[in-house]
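Chain letters run A, B, ... following the sequence lines, proteins first, then strands; residues in each count from 1.
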Amino acid sequence: MNLFADIRALVIQELEAMTAEGALPEGLSLANVAVEPPRDAAHGDMATNAAMVLAKPAKANPREIAGKLAERLAADERIESAEIAGPGFINLRLVSGVWGGVVKAVLAQGEGFGRSDLGEGRRVNIEFVSANPTGPMHVGHTRGAVFGDALASLLAYSGHEVTREYYINDGGAQVDVLARSVYLRYLEAHGQEVAFEDGTYPGDYLVPVGEALKAKVGDAFVDKGEQVWLEEVRDFATEAMMGLIRADLAALGVEMDVFFSEKALYGTGKIEAAIEDLRDKGLIYEGKLKPPKGKLPEDWEAREQTLFKSTEFGDDEDRPVQKADGKWAYFAPDIAYHFDKVSRGFDELIDVFGADHGGYVKRMKAAVAALSDNRVPLDVKLVQLVKLFKDGQEFKMSKRAGTFVTLRDVVDEVGADVTRFVMLTRKNDAPLDFDFAKAMEQSKDNPVFYVQYAHARVRSVLRKAEAAGWDVSEKNLLEQEPGTVHPAELATMRKLAEWPRMVEIAAKGHEPHRIAFYLYDLAQAFHALWHRGNDEPELRFFQEGNESASLPKIAIAKAVSVVISSGLGILGVTPAEELR
RNA sequence: GGACCCAUAGCUCAGCUGGAUAGAGUGUCGCCCUCCGAAGGCGAAGGCCGUAGGUUCGAAUCCUACUGGGUCCGCCA
């Protein structure tokens with residue numbers, strides 16, 4: 001049930017009836033007709049812009065259209081009043097029974113209240129994290145992981161068939177570096193003194209990998225040349241790193257459906273096939289690039305190379321797919337990878353990248369547009385940097401200084417739930433300040449706590465009611481008829497009614513942060529209602545010895561907890577039963 | 001030199017694909033604890049939505065140009 005969609009359907013229906021009667025010209029587009037909550041609650045429960053949107057194409061006065069439409073809308077049994085305001089808004093006030101109906105819908109549908117078939121079962125592939133398999137995940141990856149996972153849940157909740165996917169960059173030079181680093185640890189495990197020079201990874205996390213390698217191959221690789229051990233050590237190390245990363249993801253509560261290996265694209269003809277596909281479309285050619293403007297690299301020289309005509313799809317330059325030595329540039333396997341995704345039949349692709357990949361977006365979109373003949377849209381979500389704060393001081397990450405903050409550091413300190421929620425209280429394209437102290441603070445300025453507190457309060461009320469021997473099952477609460485609904489309660493019910501709409505908006509825009517903000521608003525409405533009970537005992541949810549007065553209010557409270565629970569579920573956060 | 005992102009209250013940020021008098025939190029100021037949980041509650045003050053143009057019934061939102069900040073810019077991935 002989506003009350004806003006229902007009322008919008010009513011508006012559309014009446015507009016069509018007006019057209020049929022000749023009050024409006026034929027053929028008007030009703031696509032922009034919206035039914036929204038008014039900014040100011042004093043204006044009513046809902047407002048529609050229908051008259052203003054249609055005034056121009058209908059060549060009529062907006063207030064005139066509004067007048068006719070309002071009259072018709074007012075005749076509906078759900079609508080108490082329809083008033084024209086401002087330039088031609090129609091403010092609708094709904095009969096109070098409608099709001100009670102919302103509570104009932106929540107209780108009856110549970111977690112299903114807010115689910116929709118918006119996606120119509122379209123298959124969406126979300127690629128996220130995709131951290132290089134060269135070490136544990138750090139905070140930057142964490143934000144991408146949380147964002148991608150929440151977006152995936154949001155789309156699944158909205159009727160999409162979602163695949164969570166991780167692209168393992170195990171095909172490039174960085175895994176050779178990893179292998180050499182592990183080899184050093186391996187020598188170390190054999191008692192040798194080793195030095196970690198530039199271009200190797202000195203992190204302690206490779207110590208156990210070196211030891212494990214020793215346990216596996218003994219001294220077979222000691223004092224041998226790279227050609228003997230590189231390949232095997234590389235595989236061994238990559239696997240070990242992926243083990244680390246999987247464990248990190250698990251600690252955060254992220255579960256991937258697919259791990260896709262870059263290496264698996266090499267030697268199988270997949271890259272060549274993807275490039276050939278583009279070549280057949282006339283989008284691959286041999287040529288020279290213009291030198292980049294501004295400061296030139298020292299050794300720049302124009303060179304003939306294999307280029308992808310990404311400019312045909314809105315990119316600024318054509319992009320090379322091959323390096324000078326004839327090997328594929330990183331872009332080539334990435335094209336092949338996306339070609340693979342397209343050919344797996346996805347209707348929509350989403351890539352979640354770090355902000356430092358911003359320059360890569362256009363060419364990737366160009367590639368997907370070309371590969372899919374513009375059939376499959378690719379949305380690239382760039383996740384901005386996370387700034388860490390400890391005790392109010394910015395805490396700079398630096399591999400060299402050893403102040404390298406891993407996902408584990410954060411999760412161990414504040415827990416997965418808090419980490420996830422905090423990271424979702426910001427748009428993905430805005431930088432995020434993560435303050436350890438604030439994340440743990442139990443006060444109103446900590447949204448995590450505030451939302452959890454609302455949920456815990458409801459559970460507390462339910463426990464009390466149960467202790468009093470009352471039946472607070474959904475079934476029984478559904479049968480409660482509230483006598484008169486207090487205006488303070490209406491505010492909370494209105495918020496509940498917005499949930500399906502909010503999910504839809506968030507899903508359409510690929511913006512899971514909206515869910516977090518909505519939950520904060522809902523919690524706020526609930527807390528406000530709770531506190532009214534201090535002064536007005538008849539508003540309390542649990543009224544000692546007065547079951548019949550309490551149960552309708554408990555129904556509202558329970559509905560709030562259901563929606564909070566749904567919302568937190570999308571964000572991947574466990575709702576709190578109690579706080580201490 | 002170019003590309004992408006950002007600019008909204010003193011501070012940290014929302015703003016629902018163009019709607020009405022731009023909202024939260026924090027900070028400041030004023031009230032409120034015999035009360036289902038005061039680790040709070042109610043209220044007030046606080047704004048040239050970076051600047052200048054444009055699009056239209058209507059712009060924080062869309063377009064252009066500036067200004068300021070971030071990220072990045074063949075043969076790294």
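Regarding Asn49(A), its CG atom lies at a distance of 10 Å from the C1' atom of G18(B), rounded to whole Å. A straight line from CZ of Phe517(A) to C1' of C16(B) spans 13 Å, rounded to a whole angstrom. One can place NE2 of His527(A) at 21 Å from P of C35(B), the figure rounded to the nearest angstrom. Nucleotide G15(B) holds its P atom 10 Å from the CZ atom of Arg426(A), rounded to whole Å. The CD-C1' distance, from Gln524(A) to G23(B), rounds to 10 Å in whole Å. One atom, NZ of Lys323(A), and another, C1' of A77(B), lie 9 Å apart when rounded to the nearest Å. Whole-Å rounding puts the Leu385(A) CG to C5(B) P distance at 16 Å.
The residue among Leu539(A) and Glu498(A) whose nearest nucleotide of RNA chain B is located toward the 5' end is Glu498(A). Both Ala355(A) and Arg501(A) sit near RNA chain B, but only Arg501(A) has its closest nucleotide nearer the 5' end.
Residue Arg532(A) places no side-chain N or O under 4.0 Å from the OP1 or OP2 atom of C42(B). Contact check, Lys427(A) against U12(B): no side-chain N or O comes under 4.0 Å of OP1 or OP2. When the side-chain nitrogen and oxygen atoms of Lys56(A) are compared with OP1 and OP2 of C57(B), one or more of them lie within a distance under 4.0 Å.
When heavy atoms are screened at a 4.0 angstrom cut-off, Ala456(A) is found touching no nucleic acid atom at all. Counting any heavy atom pair closer than 4.0 Å across all strands shown, Gln384(A) reaches sugar-phosphate atoms only and no base atom. Counting non-hydrogen atoms under 4.0 angstrom, Asn91(A) reaches a base of the nucleic acid. Looking at heavy-atom distances under 4.0 Å, Glu262(A) makes contact with sugar-phosphate atoms alone, never a base.
Across all strands shown, U64(B) forms a Watson-Crick or G-U wobble pair, both distances under 3.5 Å, with A52(B). Pair assignment for G1(B) gives C73(B), based on Watson-Crick or G-U wobble hydrogen-bonding distances that are each under 3.5 Å. In this structure, G10(B) forms a base pair with U26(B), meeting either the Watson-Crick or the G-U wobble geometry with both donor-acceptor distances under 3.5 Å. G40(B) is paired with C32(B) under the criterion used here, namely a Watson-Crick or G-U wobble arrangement in which both key atom distances are under 3.5 Å.
Closest to the side chain of His513(A), from the set G15(B), C72(B), A3(B), is G15(B).
The side-chain ring of Trp530(A) is stacked on the base of C36(B), judged by centre separation under 5.5 angstrom and plane angle under 30 degrees. Ring stacking is absent between Phe89(A) and G19(B), as the pair misses the limits of under 5.5 Å between centres and under 30 degrees between planes.
A salt bridge is defined here as a Lys NZ or Arg NE, NH1 or NH2 lying under 4.0 Å from an Asp or Glu carboxylate O, and Arg459(A) with Glu578(A) fails to meet this definition. The residues Asp351(A) and Lys381(A) are annotated as not salt-bridged, no charged nitrogen and carboxylate oxygen being separated by less than 4.0 angstrom. Between Asp235(A) and Lys263(A), at least one side-chain N (NZ, or NE/NH1/NH2) sits under 4.0 Å from a carboxylate O, which counts as a salt bridge. Between Arg494(A) and Glu498(A), none of the side-chain N atoms (NZ, or NE/NH1/NH2) sits under 4.0 Å from a carboxylate O, so this pair counts as no salt bridge.
Between Glu165(A) and Tyr337(A), the closest side-chain pair of non-hydrogen atoms falls below 4.5 Å.
Screening His513(A), Arg501(A), Lys495(A) against Tyr518(A) for a side chain to side chain contact (heavy atoms under 4.5 Å, CB included) leaves a single residue, Lys495(A).
Anti is the glycosidic conformation of C66(B), whose angle departs from 0 by more than 90°.
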